[in-house]
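These notes are about the structure you will find just below.
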2 protein chains.
Amino acid sequence: MAGKVIKNNIRVLRFQNDEMTQAALADKSGVTRQTILAIEAAKYAPSLELAFKISDIFSTPLEDVFQYVDKE
Amino acid sequence: MAGKVIKNNIRVLRFQNDEMTQAALADKSGVTRQTILAIEAAKYAPSLELAFKISDIFSTPLEDVFQYVDKE
DNA sequence: TTGCAATGTAAAATATACTTTACATTATGT
DNA sequence: ACATAATGTAAAGTATATTTTACATTGCAA
């Protein structure tokens with residue numbers, strides 16, 4: 001039931017982008033550190049707007065940051 | 001303040017896809033007709049998961065359905 | 001070893017997406 | 001003219017994303 005889940009590469013992208021910290025990413029995307037933490041831990045998926053903001057910060061397409069894939 | 005807004009082409013895509021009705025799209029994406037209506041009317045943006053589902057239904061990349069653009 | 005930066009856990013409060021129900025409007029076909 | 005399908009408006013309720021606060025852990029540098 002549900003079939004697919006949303007995964008993300010935020011952690012990897014942070015390190016690729018000058019080892020950006022969770023707090024720094026939170027700051028740039030206008031949310032709190034807890035929100036970034038929860039999303040990285042996949043406790044919940046971000047809103048579409050936040051997903052776009054994070055993608056923008058990494059200068060990468062949304063689908064390179066978030067993937068909607070079958071859960072194994 | 002905010003700079004950007006989320007726009008979408010759901011309406012156009014519905015018509016391109018066999019004139020799919022709002023109710024039909026709602027059905028396929030597992031939400032109610034009101035939700036599709038509200039998103040088309042840009043009353044609010046969908047969750048990332050719903051955005052992915054809708055894109056899947058139209059067999060098109062998410063960014064072809066939703067755009068995060070400067071508000072004119 | 002002490003201190004600090006980064007990350008993690010947790011819980012209560014708020015904002016926003018989404019549902020449910022009900023009714024109004026518009027267009028189309030018969 | 002009537003019936004019906006599709007779309008629109010609206011309001012109250014539920015679910016989930018996000019905030020706020022507070023504290024624990026880990027690693028690294030002085």
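Letters A, B, ... mirror the listed sequences (proteins, then strands); counts begin at 1.
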Specify the separation, in whole Å, of atom [atom1] of [X] and atom [atom2] of [N].
X     : N      : atom1 : atom2 : answer
A:K43 : D:dT19 : NZ    : P     : 15 Å
B:D27 : C:dT19 : CG    : P     : 12 Å
A:E40 : D:dA17 : CD    : P     : 16 Å
A:Y44 : C:dT14 : OH    : P     : 17 Å
B:E49 : C:dA17 : CD    : C1'   : 12 Å
B:I54 : C:dC18 : CD1   : P     : 8 Å
A:E19 : D:dG27 : CD    : C1'   : 14 Å
B:R33 : D:dT7  : CZ    : C1'   : 6 Å

Does [X] place a side-chain N or O at less than 4.0 Å from the phosphate oxygens OP1/OP2 of [N]?
X     : N      : value
B:T32 : C:dT19 : yes
B:T35 : C:dA17 : no
B:Q34 : D:dG8  : no
B:R11 : D:dG8  : yes
B:R14 : D:dT7  : yes

If I compare all heavy atoms of [X] with all of [Y], which pair ends up nearest, and what's the gap?
X     : Y     : answer
A:T60 : A:V65 : CG2-CG2, 3.3 Å
A:K28 : A:M20 : NZ-CE, 4.1 Å
B:Q67 : B:N9  : NE2-OD1, 2.9 Å
A:I10 : A:E40 : CG2-OE2, 3.5 Å
A:I39 : A:N8  : O-ND2, 3.1 Å

_The side chain of A:S47 is closest to which nucleotide in this list: D:dA17, D:dA6, D:dG8?_
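That would be D:dA17.
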*NA contact type, A:A45, heavy-atom cut-off 4.0 Å: base, sugar-phosphate, or nothing?*
sugar-phosphate
